[in-house]
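Inspection log for the structure reproduced underneath, given as structure tokens.
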There are 2 protein chains.
Amino acid sequence: MQIPIPTIKRFPSYLRLLKLYKKQGMIHISATMLANELGLKPIQVRKDISCTGIEGRPRIGFEVEALIAMLEEQLGWDNSSEAILVGSGHLGSALARYEGFDGYGLKIIASFDLNTAKVGTFLGEVPVFSMEKLPSFVLENRIHIAIIAVPAQSAQDVADLLVKSGILAIWNFAPVDIKVPGDIVLQRTDLAVSFAVLSAKVKRKMSD
Amino acid sequence: MQIPIPTIKRFPSYLRLLKLYKKQGMIHISATMLANELGLKPIQVRKDISCTGIEGRPRIGFEVEALIAMLEEQLGWDNSSEAILVGSGHLGSALARYEGFDGYGLKIIASFDLNTAKVGTFLGEVPVFSMEKLPSFVLENRIHIAIIAVPAQSAQDVADLLVKSGILAIWNFAPVDIKVPGDIVLQRTDLAVSFAVLSAKVKRKMSD
DNA sequence: TAGATTGTTAATCGATTAACAATC
DNA sequence: TAGATTGTTAATCGATTAACAATC
């Protein structure tokens, strides 16, 4: 029985909060409390937690540490995933330096760029290599995950190259729907989608 | 009868494709073709389109221009929304320069930062002002939308200031769940959530 | 103990998908 | 005309929520 995607999407918020509570020295936490803090319903938090297999105790709640460990395991964040970045523009640069990734088990270890002027430089701590080095780098370092942060028009070409190089999962930030073989995991982070939801909500509010 | 959020989330992809078709000179487009291109089912595309009120013609499809106009209207993207940005770090800088926003009716017209060294500089074309100027700027320019791209620990303070200044909607990129009054539209773009879904899918693939 | 909280089972809700008549 | 495509109504599917007994 697989964990529903909507539940998976709430896991990072639980995790963030739980880590905070752990730092504060709390041993147990109730679903009610998590729910209040995140604006969710207690029943939903309980249901979500039940997906991890962790059991709580009535009146007391769940063990903070056990919950953190299990959430990280379910997300595959317990052993850090090394990833490469393609595209070293402003977005790529921001992603390479993004502090939050540490806590996600995600580590960007190299960046690749067509622009030869950027090759040899660093994005924060991440070295920039030329595109030609990509296939051998992926192979030699057994990289599974690639992040695409190139302009829309080159995204498909980059994706094709990544697939040919043996990547398993692609996280695409370019504003275009790229196509990949069915066995490749594809995740799109589309700013337009987020903004669409925001816009629609604003529009509703205005017309109330 | 409100348009479902999942449908709203697919609108940007339709729009992007339709604009491409328009540029290519196509007059009509079938739901079948849109579906194939985006990896969706035709029935779902038809259902989504029906939410816009646009009617198609059997065998011929939908008028590309009418569909574009109606999708943009439904999203509130027909009249450009001016927004401000708070935080001028790497992420803020990338957002300010993001080319894709043009097509969304989103225009970032100013940025605000606590760091006085940045005040007076520009992120691309976007001027950086000091935080003290924020409330009057929002008031005078009737800004409805603010984008938060500051570190997690200052996000709540920024949100409070924005609410006090009269902002209607907040798009939060900081990795933290901020709290706002119920009448404020809050949209979170959380890289952790996207990565969680990607990780979970990779994990499933590996254990198959 | 009393009462808050858990875990489970069932009900509800909403989105997706299927079926099919209408139509160009 | 024949056949692809639309629009509608109903069925299915999956997630959320409610109800409530169990329990610490």
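Naming: A, B, ... by sequence-line order, numbering from 1 per chain.
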A:I43 has its side chain closest, among C:dT8, D:dT6, C:dT16, to C:dT8
Here the distance between atom P of C:dA15 and atom CG of B:L40, to the nearest Å, is 16 Å
**Message:** When you compare the side chains of A:D48 and A:Q44, does any donor N or O come within less than 3.5 Å of an acceptor on the partner?
**Reply:** no
Atom CG of A:L67 and atom P of C:dT6 are separated, to the nearest Å, by 11 Å
Separation of D:dT5 atom P from B:E63 atom CD, nearest Å, is 18 Å
Taking the side chain as C-beta and beyond, is there a heavy-atom pair between B:M131 and B:D157 under 4.5 Å? no
Per atom distances to the B:S30 side chain, the nearest of D:dT5, D:dG7, C:dC24 is D:dT5
With a 4.5 Å limit on heavy-atom distance, are the side chains of A:L34 and A:I49 in contact? yes
Does a side-chain N or O from A:R46 land closer than 4.0 Å to OP1 or OP2 of C:dT9, or not? no
Per nearest nucleotide of DNA chain D, the residue lying toward the 5' end, B:S50 or A:I60, is B:S50
Here the distance between atom C1' of D:dA15 and atom NZ of A:K41, to the nearest Å, is 13 Å
Ranking D:dT6, D:dG7, C:dT6 by distance to the side chain of B:P58, first place goes to D:dT6
In whole angstroms, the gap separating P of C:dA15 from CD1 of B:I5 amounts to 9 Å
Could you check if a side-chain atom of A:L168 sits within less than 4.5 angstrom of a side-chain atom of B:K205, using non-hydrogen atoms only? no
Separation of C:dA18 atom C1' from B:Q44 atom CD, nearest Å, is 13 Å
Among D:dT23, C:dT16, D:dT5, the one nearest any side-chain atom of B:T32 is D:dT5
Of C:dC24, D:dT6, D:dC24, the nucleotide closest to the side chain of B:R59 is C:dC24
Taken to the nearest whole Å, NZ/A:K47 to P/C:dT8 is 9 Å
Re C:dA15: Watson-Crick or G-U wobble partner, both distances kept under 3.5 Å, found to be D:dT12
Discussion item. Can you confirm whether the side chains of B:R97 and B:S93 place a donor and an acceptor under 3.5 Å from each other?
Written reply: yes
Does a side-chain N or O of B:R10 approach OP1 or OP2 of C:dT16 to a distance below 4.0 Å, or not? yes
Checking N1-N3 plus N6-O4 or O6-N4 for Watson-Crick, or N1-O2 and O6-N3 for wobble, each under 3.5 Å, the partner of D:dA22 is C:dT5
Between CD of B:Q2 and P of C:dC13 the distance, given in whole Å, is 17 Å
